[in-house]
Trainee: 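Encoded as structure tokens, here's the structure I'll be asking about.
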Amino acid sequence: MDYLKGLNESQYEAVTTLQGPLMVLAGAGSGKTRVLTMRIAHLITNGIDPFNILSLTFTNKAAKEMKERIAKVVGPSNAKSLWMGTFHSVFARILRSEAHYLGYPSNFTIYDQQDALNVLKKSIKDLNIDGDLYKPKKVLSRISNYKNNLITVRAYENNPELIEADEKANMKFMGKIYKKYVEECFKNGSMDFDDLLLKTNELLTRFPEVLAKYQDRFRYILVDEYQDTNHSQYLIVKALASKFENICVVGDDAQSIYSFRGANIYNILNFKKDYPEAVTVSLEQNYRSTQNIVNAANVVIAKNLQQFKKNVFSENEVGEKIKVYRSLSDADEANFVAGNIWELHNREQRKFNNFAILYRTNSQTRAFEDALRRKNIPYKVYGGLSFYQRKEVKDLLGYLRLLVNENDSEALMRIINFPTRGIGETTQNKLIVFADSQNLSVAKVLDNLPIYAPHLGFNNGVITKLSDFWSMIKAFQVLLKTETAYNVAMEVAKRSGLIKFLKDDQTPEGISRVENVQELMNSMQGFIEEQIQLEDGDPSLPNFLENIALSADTQDKKNGDEDMVSLMTIHLSKGLEFPVVHLVGLEENLFPSFMSSATREDLEEERRLFYVALTRAEKQAFFSYAVSRFQWGKITDAEPSRFLSEVDEEYIEFLNPAMEGRFINKTGISSNIFDEHPSEMRSFKKVEKKTISKSENDKPIAEPRKLKPVASAKIINPSGASSQDIEVGDKVRHDRFGIGEVAFLDGTDPQNIKAKVVFLHEGEKNLILKYAKLTKI
DNA sequence: AAAAAAGGAAGCCTA
DNA sequence: TTCCTTTTTT
């Protein structure tokens, strides 16, 4: 058992405690992945059939890597029958084989967020509900919330509290929309991401024989990143594990950062309540970072109340102090970071891929891209629009999805007139309305076009276009029976006119679109070859489509990537490590985010995010913040993040000596370093930063303005033309914070007025009127 | 009636 | 900036 050698005491315990419930609290950099893989290997060497092991990971990439590592220990044939993957991919697979229980076709389509949004938009429109009041994105996130908490449409309708809550939030049609959306998805034979979990729960609850089958199969269950599971996932795990209770959860409560998509930190905090006999193992030695970094991260995270007591420590070198840079503007900050990387690259011979720039929001990327490009430093931005979300890629995939599931009317409508073939909006609407009224799918109508056409009032020209289109699709479907997925896709790309359409556009963007389609074809070819190599591989088109639908992590960072600086959000950086980390934009209202300073829970999550960011660093960490930043089309004042003041000074070194200690504020409420002379200093600052952004950033400059407090101001209501006066002393209502009173107004530019509002329950908040959507009461 | 072109508004928190 | 709506052209 060589693989057990080199484990420390707690790692050893985590690997070898095989029976019964086990919780492994794995601090950052404590060798968690190693423990997980060794544990599975150990299970297998102890005679457990891999077929009986279910291992749920956070990303598909993690699953793949882990599987490879396990294969090295126990041999590839043993590793093969392991059930390993994300919740979504594992249960999508199960749902496909059990779909008939739920009345779904086994070839159901999986909708990504964009698809879901399109269906939702259509639903809202069909219900004749004002889309301005019911912003699809907002509605979708509410629906997602319901689903993650197992609130089905029926449960919703039977829950007066929920209905009342939605009414209070000015969304009394939520129930109606929810119902319609679910019906549409069902009709399309499709599930969104949340459905994959919700329907699994339904399957396991309603059909005891199915539950028994999977309980019996998954005798040993491992869940990674347990702190980021949502309620729905929690229930699935609990149901499956309830027979044998061989459940091992691994995670770190200090790194729970996904509550905005439903993750519930109490799943891990209450594990002991669910399984009173559970053994807890804490992995506390950090092998990744210097002592300085570990200690600095510790003192910050210690400010959180909701957490397990841990003593994370490092026995690595003490290391350098964290360097803090105060910059004048976002561009200045980016120049500092780029210059610093350049210098370390030269002076310490660090390769570019040693560096990461981590930020809170994607919109911060641009400044860094500009600065790096100017210095000719190679970089790669992670996140943002992923390859599979590109329009041209989704268009081709739309065709392919339609071939597999012709009831997928979302896919059908996407491509029925793309490339344009004279089937315009009017025709499309007629089709949909008719299909709905007859309770048929659009595909069925097209199947029997000659019969239905008279009822549709189409002229001959339209009928010809429609039947031409549909016979083309049918021909593709026939092709699918004999040809490989790749050949079919190639045929689709050519015969649908898609390639021709894209090639007609010779602009650089157009050329890159063609390349993207080619890239899709390549990845398809790669997928097919890979699947053929595998003994139990499945090179079919449906399998390919499922794979991409679930690979939100396709463009994740690979280790040993090319020699480039990595730029990504902190969320994306979870699980990665870099010798040198620049954590940027450490400003109030940016990090912590202005959306997240409302409640203690939100703030604690931001602090965990900070913890995650800092613990990515192995050798050196740099913090930076700007005193003003180009944001929302305006130059906005910024104050140093409270997290900066939460790091003990012994771990920090200030690069702007004059500023040393100036921002430290022990109240936890942000302070402005210029508070002593508010107006003069601020207007001075404005001038200064304007010159900077002009020369260095070439961005439009805001009109000069005086910044003196005003007694009243107009607010612009973004959702309509109506504007409303808000004055000091007014009682106002906020979507989230509730009722409060305006204490102070600041600024004359109607686009940029800040209000200090004292809320009944949430206390004092600084809000930008334009975004706060306050209602006067 | 459909397609292309132009104009205008909102968008930003995080996968 | 990107997406959506409106206008103009065929």
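We name chains A, B, ... by the order of the sequence lines, and we start the count at 1 in each one.
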Trainee: Ignoring backbone atoms, establish whether K574(A) has a side-chain N or O less than 4.0 Å from OP1 or OP2 of dT14(B).
Mentor: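 Checking K574(A) against dT14(B): no side-chain N or O falls below 4.0 Å of OP1 or OP2.
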Trainee: Using whole Å, report how far CG of L358(A) lies from C1' of dT14(B).
Mentor: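 Going from CG in L358(A) over to C1' in dT14(B) covers 13 Å.
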Trainee: Please report, rounded to the nearest Å, how far the P atom of dA15(B) is from the CG atom of L550(A).
Mentor: 18 Å
Trainee: Considering residues at least two apart in sequence or located in another chain, which fulfil the side-chain contact (heavy atoms from CB on, under 4.5 Å) criterion with Q306(A)?
Mentor: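 side-chain contact (heavy atoms from CB on, under 4.5 Å) check on Q306(A) returns Y266(A), L269(A), R600(A), E604(A).
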Trainee: Specify the separation, in whole Å, of atom CG of N145(A) and atom P of dA15(B).
Mentor: 18 Å
Trainee: What's the NZ-P distance between K137(A) and dT14(B), to the nearest Å?
Mentor: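 Distance, rounded to whole Å: 9 Å.
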Trainee: Side chain of R261(A) only, please: which of dC13(B), dG11(B), dA15(B) is the nearest?
Mentor: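 In terms of side-chain proximity for R261(A), the closest of dC13(B), dG11(B), dA15(B) is dA15(B).
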Trainee: Does the S593(A) side chain pair with the main chain of L590(A), one donor and one acceptor, at a distance under 3.5 Å?
Mentor: no
Trainee: What string of B, S and - do you get for nucleotides 1-6 of chain B, 5' to 3', when a contact is any protein heavy atom under 4.0 Å?
Mentor: -SSS--
Trainee: Give one of base, sugar-phosphate or nothing for Y258(A), where a contact means two heavy atoms less than 4.0 Å apart.
Mentor: sugar-phosphate
Trainee: Pairing donors with acceptors under 3.5 angstrom, does anything connect the side chains of S232(A) and N201(A)?
Mentor: yes
Trainee: Tell me: NZ of K135(A) to C1' of dC4(C), nearest whole Å?
Mentor: 12 Å
Trainee: Counting heavy atoms from C-beta on, name the nucleotide in dC12(B), dA15(B), dC4(C) closest to the side chain of K121(A).
Mentor: dC4(C)
Trainee: Applying the side-chain contact (heavy atoms from CB on, under 4.5 Å) criterion to I110(A), which one of L196(A), D115(A), I548(A), L95(A) satisfies it?
Mentor: L196(A)
Trainee: Send over the distance from N589(A) CG to dC12(B) P, rounded to a whole Å.
Mentor: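 Rounding to the nearest Å, CG of N589(A) and P of dC12(B) are 18 Å apart.
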Trainee: Ring-plane angle category for F643(A) and F591(A), please: parallel below 30°, perpendicular beyond 60°, tilted otherwise.
Mentor: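 The arrangement is perpendicular - the two ring planes meet at more than 60°.
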Trainee: Suppose we screen for side-chain contact (heavy atoms from CB on, under 4.5 Å). Which residues come up paired with K500(A), at least two apart in sequence or across chains?
Mentor: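 For K500(A), the residues satisfying side-chain contact (heavy atoms from CB on, under 4.5 Å) (neighbours in sequence not counted) are D504(A).
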Trainee: Taking the P atom of each, how far is dT5(C) from dC12(B), in whole Å?
Mentor: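 Between the two P atoms, the distance is 16 Å.
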Trainee: Can you confirm whether the side chains of N230(A) and N148(A) place a donor and an acceptor under 3.5 Å from each other?
Mentor: yes
Trainee: What is the distance from CG of N60(A) to P of dA15(B), rounded to the nearest Å?
Mentor: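 It works out to 17 Å between those atoms.
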Trainee: F260(A) stacking on dT14(B): centroids under 5.5 Å, ring planes under 30°?
Mentor: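 Check passed, F260(A) stacks on base of dT14(B).
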Trainee: Side-chain N or O of S363(A) versus OP1/OP2 of dC13(B): is the shortest distance under 4.0 Å?
Mentor: no
Trainee: Round to a whole Å and report the spacing from CG of N362(A) to C1' of dA15(B).
Mentor: 10 Å
